[in-house]
Structure formats: C-alpha cells, structure tokens
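First the structure, in the form of structure tokens, and then the observations on it.
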Amino acid sequence: MNQGHPGILYSQAFRKAVLNVLSSLAPEIEPVIEVPRFEGADLCLVCFPIAKVLRRPPKEIASEIGTMMEDDPRWKLEAAGGYLNCSYDPVRYATDCAHYLWSNLHDLGSIVDRPRKVIIEHTSANPNGPFHVGRARNPIIGDTLTRMFRAAGYEVGSQYWVNDMGKQVMILVWGIHNIDPALLPPPERDKADHRLVSFYQEANRRMEADPSVELEINSMLLHYERAVQEGGRDRVISGEGSAKVKASDVRDACESVLEGMKGSLADLNVFMDSFVYESAVVEDGKVRTVIEGLKRSSLCRKEGGAYYLDLSGILSGGDDDRFRKRFVFTRSDGTALYTTRDLAYHLWKLNIADVAINVLGEDHRYQSRMLGLALEELGSEKVPEALFYSFVSLPEGKMSTRRNKVVFLDDLLEEAISRARTEVLKRRSDLSGEEVDEISRKVGVGALRFNMIRVQPEKPITFRWEDALNFEGASAPFIQYSHARACSIIRKGGGPPPDEPDWGSIVEASERELLKRLVGYPLVLKECVSGRRPHLMAGFLVDCASSFNDFYRDCPVLLEGDAPRRRMRIGLCTLARDVISDGLHCLGIEAPQSM
RNA sequence: GGGCACGUAGUCUAGCUAGGACAAGGCGACGGCCUCCUAAGCCGUAUGUCAAGGGUUCGAAUCCCUUCGUGCCCGCCA
C-alpha cells in the first residue's frame with residue numbers, strides 16, 4: 001500500500017533530518033513540517049513554534065537549522081523568514097515520481113492491505129416517480145464513494161433501501177388501481193417511472209380534495225402491513241368502495257417504477273449492487289425482534305398504546321412539550337413505523353459490514369441521529385456513518401414532485417448529451433454517427449456528474465442550466481479533453497513505450513510539475529476515502545489536466561528529434577492518461593480516447 | 001421556542017477536520033494566440049473589509065464566543 005511513494009519517502013527523510021538537528025537544539029519539540037502554499041519549495045519547516053521555546057528570532061533559527069543539517073543530494077535548503085524551505089532536487093524527484101508511477105500503474109489506488117467490508121447506502125428514493133434534480137446528488141455522491149472505496153481496495157457494496165411500505169407508495173398504488181388512465185395527460189417519456197408518476201400526482205390531488213380517499217389509503221396501509229407480516233401476499237388490502245388491490249400489487253408497482261428509475265441511474269453510470277425492500281424486514285420478523293428489544297430498554301415509555309424511547313436526557317435543546325424528543329417505534333394499534341423498519345435494516349446491515357455509510361439528504365440529519373441513539377440503546381457497538389448533502393434548488397426555490405415543480409434528471413441528462421453533441425459536431429466532421437453518439441454521451445454524462453460532485457456535499461447548489469452544461473474551464477470535458485489529447489499523442493507515437501523509458505532526460509519544468517501532480521493520485525484517493533470527501537478528486541483531476549496542458553504547450557512530443565526524449569515524453573503521456581482515466585473512473589466519468 | 005448546517009471578488013466554488021509566508025481556481029468582462037502533437041486549449045488584464053464584532057495565539061478564512069443572513073429539521077408521516 002503506497003510502498004515507496006516518493007512524496008511520502010522524501011517528506012519522511014526530511015523530517016528525520018530535521019529531527020536529527022532538533023534533538024540537540026530542542027529535543028522536546030515536535031517539528032511542524034508542511035507543504036508551502038507558494039511554488040518554489042516542496043516542504044517547509046515552520047520555525048515559529050521553535051522560536052517560542054528557544055526564545056530566539058525564528059529567522060535566525062531557520063538559518064541555523066539549515067546550516068546544521070547535513071547536505072543531502074535529494075534536496076536544497078533555504079531559510080526564508082521564519083521558514084526553512086526544502087526544495088527537492090528537481091530531476092531526481094521527478095525521476096523517482098515517474099518510476100513510482102510507471103511501476104504501480106496498474107494498481108495506483110490500493111491503500112488497504114486487508115479488505116474491509118463496507119456497505120454504502122445511497123439514493124433510496126421512494127419508488128413513486130422519476131428522479132428529479134433536487135436529490136440528484138445522492139446517487140452521484142453514493143456511486144462515486146462506492147467506486148473510490150473499490151479503487152482503494154475495499155470490499156464494498158452499494159445498497160438501495162426500497163420503501164415499499166410507506167404512504168407515498170400506497171398513494172401511487174391506489175392511483176394505479178382507481179384512476180382511469182384516459183383522464184391523465186400522456187407521459188412525457190415512455191418509461192415506467194414517467195408513466196406512473198401521473199397516477200401518483202392525480203391520486204394526491206384526489207386525496208387532498210376528498211378525505212375518504214385518504215382514509216382508504218391509510219386503511220390499505222394497515223392491511224398491507226398485516227398481510228406482509230403474516231406472509232399473506234395474496235390477501236386483498238383494499239376496502240369495499242374501491243378497486244381490488246392485493247398485497248402483491250404493491251411490490252409490483254414499486255418494481256415497475258423502480259425499473260424506470262434504474263434506467264435513469266444506468267444512464268448516469270450508477271449501478272447498485274443490491275436492493276433491499278422494507279417489506280422484507282417486516283416479513284422475516286426482524287422488525288418484531290427490534291420492537292421486543294426496544295421494549296426492554298430503560299428508556300422505553302408507553303403512552304396510549306404506543307411505545308417510544310424517551311431521548312430527552314440525551315438530545316440537547318429545549319424541552320417544550322410541543323417539541324418532544326421521542327423515538328416512537330410502535331403506533332397505538334401496534335403497527336411499526338418507518339423508523340422501526342429502518343432500525344431493523346440497519347441492525348442487519350451493521351452485522352454484515354465493518355462500516356456502513358449512508359448518503360442522506362440534509363432533511364435526514366435529525367432522524368439519523370435518532371437512529372444512531374436507538375441502535376446504541378439496542379446494544380449495537382456500531383452505528384452507521386452519515387454523509388449529508390444539501391439539496392439542489394432552482395433559482396426560484398425548492399423542487400417538489402408533488403407540485404410538479406421539478407427538473408427531471410432524465411431531462412437534464414438528455415439536454416446535457418444533446419448540448420454535448422452540438423459541441424462535438426462543431427469540432428469534428430470526420431466522425432461516424434456512432435462515434436458522435438458515444439462521445440456526446442460520455443461528455444454529457446461526465447459534465448453532469450462532475451458538476452454535482454465537485455462541490456462539498458454539505459454546501460447547497462442552485463441549479464442553473466448554463467452552469468450545469470458549461471463545458472469549459474473546471475469541468476469534466478476539460479479533463480476528458482486532456483485525456484483525449486494524451487491518447488492522440490500516444491496513438492500517433494506508436495503506442496505506449498513497451499519498457500520503462502529512461503526518465504533521465506526530463507529537463508522541462510512542466511514535465512516535472514506534471515509528474516509531481518500525477519504522483520499525488522494515491523494520496524488524494526486515500527483522502528477521498530478515509531475522509532469521505534469524494535469532491536477532492538474533482539479538483540485534483542482539474543489540476544492534473546491543467547498540468548498536462550502546460551506540458552502539452554511547452555514540450556513537443558511527436559516533433560521531438562531526440563529519440564530517448566521522445567520515448568520518455570510518450571511515457572509521460574501514458575502516465576497522465578492512466579492517472580486521469582483512473583481518477584475519472586472513480587467519478588463514474590468515462591474517458592474518451594478522442595473527442 | 002429549540003436543534004443542525006451554510007455565508008469566501010459581479011457570479012460559482014477550493015482552502016476550514018489537523019491555524020502558518022502576499023486567500024487559489026472556474027464562469028462572466030476586456031485584450032492576445034491555430035503555416036507546429038485536438039483552440040472543449042493556452043497567455044495576459046481587472047475585480048476581495050474571507051457575513052459582522054469580539055476572543056485565543058508570535059500568527060486566524062481556518063479554533064472559541066456573540067450577532068446578523070439563508071436553508072433544513074423538531075409527526076403514533078415516510
């Protein structure tokens with residue numbers, strides 16, 4: 001795992017050298033060594049803390065430590081202000097970076113030596129209609145994280161927790177069985193989720209207008225839960241006055257809508273490893289077991305017939321009676337709630353994984369905290385981690401499926417791909433129709449995913465078409481373009497060098513900068529994974545592409561007359577190509593060979 | 001009422017977890033670069049009380065406190 005990474009090796013060596021001198025000067029001090037912001041040095045020793053202990057000027061200490069340190073062929077030292085700057089020998093370091101990358105090209109990401117089982121739950125949107133852009137960050141963050149864990153060597157599975165027992169779904173089911181399709185507007189897309197969402201929307205309208213509809217839906221919900229609990233999937237759950245609905249129809253409806261939703265995910269290069277249905281944890285008795293367990297808790301209280309955990313001693317905040325801190329886990333009629341089923345699911349999940357990560361909208365913060373507390377109360381030694389994201393909003397405000405004030409993910413994607421197509425056609429007249437299609441799709445999907453992942457999840461995003469579909473500057477196409485350029489050079493240069501080139505001919509600053517940049521890949525991936533900060537990869541790849549563009553500008557490859565140097569530069573292109581395509585792969589963005 | 005987030009140039013963001021040298025990019029604006037490996041690129045110019053105030057520190061965008069603004073949540077809904 002990252003053995004022999006030059007960045008780590010050099011900084012460890014520098015620290016050791018500093019420590020050697022410091023042991024005689026101020027043995028108790030732990031030196032502060034960091035990477036300086038400005039260019040011109042690779043590391044610096046911050047001398048202010050030492051100055052404070054020794055009660056001498058930092059500037060003086062910096063130069064004194066500098067002169068006391070033994071000469072090392074790997075670097076040059078220079079005192080500046082209160083800092084002792086360390087600049088690596090440029091050719092030596094670049095050569096080491098290149099050699100490291102070349103030797104590890106096929107397993108650059110691996111950072112764990114023993115696989116740990118990780119389950120990442122994400123998306124988990126109610127199966128009642130197409131995805132809208134408001135929650136589009138969820139599958140993108142979740143899938144990106146999954147890909148990164150996998151690249152880093154973890155054993156990882158992504159799970160979609162399907163809510164097939166909630167009211168939203170029952171509204172949809174009621175609608176499908178009670179509304180005449182002829183009365184509905186034609187669907188905007190021939191896809192199950194788009195076809196069926198109109199039933200959901202119309203059912204909502206009828207429910208708001210007619211209280212008896214809501215009563216019927218609630219009753220269906222109750223009968224459905226009993227049927228599932230008792231294994232009676234064939235049982236009729238609807239009442240006298242409305243169309244006959246069987247328990248199994250609910251699951252069928254969910255699966256139909258989900259088929260459509262899976263299609264949207266696949267279009268985004270998002271693939272789930274498994275779908276876990278809520279009804280499954282009810283059916284197999286997990287929910288019942290959880291309820292029994294919670295009833296034994298010292299925090300358990302009963303009011304009416306309902307049971308809850310009293311969390312007022314744990315959760316902070318005001319104790320006004322209107323804002324009770326209760327984790328209710330059974331209704332007075334004895335039935336379970338969503339949170340109870342969620343708890344059962346998590347208990348099972350934590351049992352089969354070392355780490356469980358949930359990608360959740362910011363509206364789930366409170367609930368997620370409650371869930372964690374309930375798990376602890378049940379004696380679970382593990383609690384899921386949560387990665388929260390803020391919603392994508394429209395310039396005019398929040399999106400809502402119910403009120404039909406949405407941008408559908410499918411529409412956004414289609415627009416992105418068609419916008420990409422016009423860009424491709426603008427530049428390339430030599431491509432076949434299929435090639436144009438393929439490049440447009442890769443660029444369109446990439447632009448979309450990049451835009452959603454580049455921002456820290458907890459920061460809000462306002463959706464604007466012109467930003468989302470901007471193909472210039474810090475964007476996926478910018479990175480893909482550099483990749484395509486590298487591919488083109490390699491192709492025209494006769495393919496990647498069969499053997500490791502002699503890196504000794506590296507002279508140009510932009511060659512060295514490119515290598516320094518690229519060698520950061522394993523470290524960035526590690527930070528993305530262990531810090532659960534997938535957005536860092538986006539910025540890193542922009543930097544890589546930018547460094548490659550500098551190299552491209554300064555260093556002709558195919559026109560280079562000196563054969564070893566030409567080979568070395570094709571080697572550099574190969575390294576850049578592979579690091580960029582690995583990084584893009586982590587982001588679920590395809591790297592075109594040509595564009 | 002309370003809890004939890006967020007606030008960085010016209011605009012969008014990085015940097016904040018682990019405080020360090022003049023706050024880094026993108027878009028937009030303006031001006032340049034295709035007889036040379038893909039101009040989705042490159043070069044240059046202009047733009048900032050890092051929301052405000054206080055504190056800790058040799059040093060604060062970063063840590064602490066207060067205030068303001070925005071969003072989310074506080075159901076025997078999911």
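Predicted model only: the values in this text are computed from it and were never measured. Order of the sequence lines fixes the chain letters, A, B, ..., with proteins taken first and strands second; residue numbering starts at 1 for each chain.
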Write down the distance between [atom1] ([X]) and [atom2] ([N]), rounded to a whole number of angstrom.
| X | N | atom1 | atom2 | answer |
| --- | --- | --- | --- | --- |
| A/K526 | B/U17 | NZ | C1' | 16 Å |
| A/I61 | B/C58 | CD1 | P | 15 Å |
| A/F327 | B/G75 | CZ | C1' | 13 Å |
| A/F391 | B/A5 | CZ | P | 16 Å |

### Task
Taking atom P in both B/A52 and B/G7, compute the distance separating them and give it to the nearest angstrom.
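After rounding to an integer number of Å, I get 13 Å for this pair.
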Ignoring the backbone of [X], work out which of [options] is nearest its side chain.
| X | options | answer |
| --- | --- | --- |
| A/E458 | B/G41, B/A5, B/G15 | B/A5 |
| A/E423 | B/A78, B/A40, B/A18 | B/A40 |
| A/N163 | B/A14, B/C12, B/A78 | B/A78 |

If you restrict it to nitrogen or oxygen atoms, what contacts under 3.5 Å exist between nucleotides 21-24 of chain B and the protein, and what is each distance?
{"residue": "B/A21", "atom": "O4'", "partner": "A/Y83", "partner atom": "OH", "Å": "3.4"}
{"residue": "B/A21", "atom": "N6", "partner": "A/N85", "partner atom": "OD1", "Å": "2.7"}
{"residue": "B/A21", "atom": "N1", "partner": "A/N85", "partner atom": "OD1", "Å": "3.2"}
{"residue": "B/A21", "atom": "N1", "partner": "A/N85", "partner atom": "ND2", "Å": "3.1"}

Are [X] and [Y] linked by a side-chain donor-acceptor pair shorter than 3.5 Å?
| X | Y | answer |
| --- | --- | --- |
| A/R485 | A/N549 | yes |
| A/W161 | A/D342 | yes |
| A/S475 | A/N470 | no |

### Query
Are A/R137 and A/Y389 in a cation-pi setup, meaning NZ or CZ lies under 6.0 angstrom from the ring centre and within 45 degrees of the ring axis?
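Output no; distance or angle outside limits.
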For [X], report the nucleic acid contact type (base, sugar-phosphate, nothing); a contact means any heavy atom under 4.0 Å.
| X | value |
| --- | --- |
| A/V424 | base |
| A/K167 | sugar-phosphate |
| A/P49 | base |
| A/E214 | nothing |
| A/P460 | sugar-phosphate |
| A/V443 | base |

Less than 3.5 Å apart, which donor and acceptor atoms pair up between the side chains of residues 48-59 of chain A and the rest of the protein, not counting sequence neighbours?
{"residue": "A/R56", "atom": "NE", "partner": "A/E60", "partner atom": "OE2", "Å": "3.2"}
{"residue": "A/R56", "atom": "NH2", "partner": "A/E60", "partner atom": "OE2", "Å": "3.1"}
{"residue": "A/R56", "atom": "NH2", "partner": "A/E64", "partner atom": "OE1", "Å": "2.4"}

[X] vs [N]: side-chain N/O to OP1/OP2 distance below 4.0 Å:
| X | N | value |
| --- | --- | --- |
| A/R419 | B/A40 | no |
| A/R365 | B/C73 | no |
| A/Q456 | B/G15 | yes |
| A/H364 | B/C74 | no |
| A/K459 | B/G7 | yes |
| A/N549 | B/G41 | no |

What N/O pairs connect the protein and nucleotides 33-37 of chain B at under 3.5 Å? Give each pair on its own line.
{"residue": "B/C37", "atom": "O3'", "partner": "A/K492", "partner atom": "NZ", "Å": "3.3"}
{"residue": "B/C37", "atom": "O2", "partner": "A/V557", "partner atom": "N", "Å": "3.1"}
{"residue": "B/C37", "atom": "O2", "partner": "A/L558", "partner atom": "N", "Å": "2.9"}
{"residue": "B/C37", "atom": "N3", "partner": "A/V557", "partner atom": "N", "Å": "3.1"}
{"residue": "B/C37", "atom": "N4", "partner": "A/Y552", "partner atom": "O", "Å": "2.3"}
{"residue": "B/C37", "atom": "N4", "partner": "A/C555", "partner atom": "O", "Å": "3.1"}

### Query
Which dot-bracket notation, 5' to 3', represents the base pairing of RNA chain B when pairs are defined as Watson-Crick or G-U with both distances under 3.5 Å, crossing pairs as [ ], and inter-strand pairs as |?
(((((((..((((......[...)))).(((((.......))))).....(((((..]....))))))))))))....
### Query
Taking the six-membered ring for Trp, are the ring centroids of A/F275 and A/Y160 within less than 6.0 Å of each other?
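Distance test on ring centres: under 6.0 Å, yes.
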### Query
Is the glycosidic torsion of B/C34 within 90° of 0, making it syn, or is it anti?
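Syn conformation here, the glycosidic angle of B/C34 being no more than 90° from 0.
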### Message
Please list, in numerical order, the residues of residues 562-575 of chain A that have a heavy atom closer than 4.0 Å to any atom of RNA chain B.
### Response
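Those residues whose heavy atoms fall under 4.0 Å from RNA chain B, taken from residues 562-575 of chain A, amount to none.
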### Distance (rounded to the nearest 0.5 Å) between A/T340 OG1 and A/R288 CZ
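Taking OG1 in A/T340 and CZ in A/R288, the distance rounds to 13.0 Å.
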### By ring-ring contact (aromatic ring centres under 6.0 Å, His included) - contacts of A/F548 (at least two apart)
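So A/F548 forms a ring-ring contact (aromatic ring centres under 6.0 Å, His included) with A/F551.
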